[in-house]
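Notes follow the structure.
To find a chain, count down the sequence lines: A is the first, B the second, and so on, and within it residues start at 1.
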2 protein chains.
Amino acid sequence: MDQKVDTRTRILDIAEAAVLEKGFEATSIDEIVAGAEISRGGFFYHFKDKNALARAMLERYIEVENALYDDLFARARELNDDPLHCMLIGLKLLAEMLEEMPTGHPGCVIASTAYQDRLFDEGVRELNRQAILGWRKRFRGMFEEIAKVYEPREPVNMDALGDMVSGVVEGGLVLQRALREHNSASEQIMLFRTFLKLLFAPK
Amino acid sequence: MDQKVDTRTRILDIAEAAVLEKGFEATSIDEIVAGAEISRGGFFYHFKDKNALARAMLERYIEVENALYDDLFARARELNDDPLHCMLIGLKLLAEMLEEMPTGHPGCVIASTAYQDRLFDEGVRELNRQAILGWRKRFRGMFEEIAKVYEPREPVNMDALGDMVSGVVEGGLVLQRALREHNSASEQIMLFRTFLKLLFAPK
DNA sequence: CGTCAACTGGACTCACAGTACAGTGGGGAA
DNA sequence: TTCCCCACTGTACTGTGAGTCCAGTTGACG
């Protein structure tokens with residue numbers, strides 16, 4: 001079924017590259033079809049419409065992103081057992097990774113779909129929402145571990161702090177795109193890291 | 001020339017509301033034309049194409065946003081002369097204002113255009129860029145004033161810290177849109193405020 | 001040998017952006 | 001009073017891209 005590289009995956013690969021480069025709306029089906037060397041009929045055989053494509057892309061993105069976070073913080077944990085230092089190392093690794101990514105980062109697809117809202121159906125929007133809620137849960141858990149060891153210097157809402165990881169990444173990517181600077185996102189993450197250092201500083 | 005409400009302004013008003021609600025691409029010219037009660041010819045008399053409309057909208061947005069910041073921090077300054085407290089009060093006011101805005105905040109147009117990139121011409125992109133650079137300058141100046149009085153607890157890049165205001169707002173608005181929660185942006189600003197309190201805390 | 005999944009290819013419809021241009025109504029300058 | 005021009009109206013057209021429909025082809029497998 002997928003000896004060479006199955007067509008569906010090839011469509012997603014081509015679409016992914018195009019969307020990261022110029023956005024979803026600016027990417028035409030004809031273009032994807034040409035890139036994947038299939039017919040228009042072939043495209044619609046795999047995806048009911050552009051919405052179905054968006055959904056499939058988002059699903060893949062979110063999986064990749066989650067795997068990336070898993071890997072990042074697993075590596076950080078190997079380097080240091082302390083939850084705070086693990087977090088700080090993980091964020092450093094994330095910042096470095098973002099600087100090395102020339103084109104774009106999966107995260108930006110979240111913002112992209114969020115801002116083109118009505119172009120997508122409820123399924124896509126809900127997927128988006130669940131992804132962010134998943135990251136909230138993930139990071140809130142980590143922050144709670146940290147808070148057990150280091151009492152926060154100021155009271156903070158742990159859900160909001162969890163969201164701040166996603167928020168800083170998304171915001172950084174917006175800045176990066178608009179400014180045409182390639183390190184804005186990593187700079188913003190490093191500032192967030194400074195925040196955490198101060199927030200959980202031992203007395 | 002503009003006794004009732006001149007047509008150009010009326011077009012911009014209608015377009016603004018529609019774009020804030022559902023995004024630029026999802027807003028058709030026919031729809032704007034119907035809303036403003038003019039003919040298609042009338043629209044193209046005022047705007048060469050959709051790009052020109054985007055540009056005019058962005059220009060207006062950026063002006064409004066700048067006026068808003070001027071006003072906010074002027075009010076903050078009246079309440080407290082100290083640069084740090086002025087900043088903290090200003091951010092509080094901003095957070096409150098964001099919570100009261102039901103639909104959307106001008107800022108989101110920045111992210112929106114940043115992510116639909118190729119849909120717009122270089123003029124629009126450059127406008128976007130200059131707006132963010134303007135805010136960087138504005139907030140960097142304020143942070144430098146603060147740093148003169150309160151030495152930062154950790155070394156920070158002042159440009160990046162200036163950008164962080166825009167980044168946190170943009171990121172917060174992305175979260176807010178995606179999560180369908182109305183207070184994410186204000187929560188994120190309040191966390192950023194906590195960061196500043198810790199960063200510039202007297203020893 | 002038949003059948004089913006995975007396509008190809010072509011001919012549609014529809015919506016929307018954008019062009020072109022002829023005409024019109026009203027207010028100010030000559 | 002006339003004329004002119006600004007701010008439109010209205011119609012008709014082109015082009016592009018999404019999406020539909022469907023008849024036909026090809027190759028793997030039972």
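- Neither OP1 nor OP2 of dA6(C) sits under 4.0 Å from any side-chain N or O of T7(A).
- Atom CD of E31(B) and atom C1' of dC16(C) are 12 Å apart (whole Å).
- Within 3.5 Å, no donor on the side chain of R40(A) pairs with an acceptor on the base of dG10(C), nor the reverse.
- Distance D49(B) CG to dA17(C) P: 11 Å, rounded to the nearest Å.
- Ring pair F195(A)/F195(B): centre-to-centre distance below 6.0 Å.
- Between the CZ atom of F43(A) and the P atom of dT20(D) there is a distance of 11 Å, given to the nearest Å.
- When rounded to the nearest whole Å, the span between NZ of K48(B) and P of dG18(C) equals 8 Å.
- The side chain of H46(B) places no N or O atom within less than 4.0 Å of a non-bridging phosphate oxygen (OP1 or OP2) of dA7(D).
- Among dC7(C), dG19(D), dA17(C), the nucleotide with an atom closest to any side-chain atom of I29(B) is dA17(C).
- For the residue pair D163(B) / W135(B), no side-chain donor-acceptor distance below 3.5 Å is found, with atom types taken as modelled.
- Side-chain contact, D6(B) with T9(B): a donor N or O sits under 3.5 Å from an acceptor N or O.
- A salt bridge links K22(B) to E31(B): at least one charged side-chain nitrogen sits closer than 4.0 Å to a carboxylate oxygen.
- Side-chain N/O atoms of T194(A) and E154(B) include no donor and acceptor closer than 3.5 Å.
- Within a 6.0 Å radius of CD in E37(A), other residues, nucleotides and ligands contribute 12 heavy atoms or fewer.
- In this structure, CD1 of I32(B) is placed 8 Å from P of dA17(C), rounded to the nearest angstrom.
- Rounded to an integer number of Å, the gap from D6(B) CG to dA7(D) C1' is 11 Å.
- Ranking dA18(D), dC6(D), dG9(C) by closeness to the S28(A) side chain, first place goes to dA18(D).
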Tabulated below should be each protein N or O lying under 3.5 Å from an N or O of nucleotides 25-27 of chain C; please produce it.
none

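- The distance between atom CZ of R10(A) and atom C1' of dC7(C), rounded to the nearest whole Å, is 11 Å.
- Residue Y45(B) places none of its side-chain N or O atoms closer than 4.0 Å to OP1 or OP2 of dC8(D).
- Salt-bridge annotation for R60(A) and E63(A): absent, with no side-chain N of the basic residue lying under 4.0 Å from a carboxylate O of the acidic one.
- Rounded to a whole Å, the NZ atom of K50(A) is 18 Å from the P atom of dA15(C).
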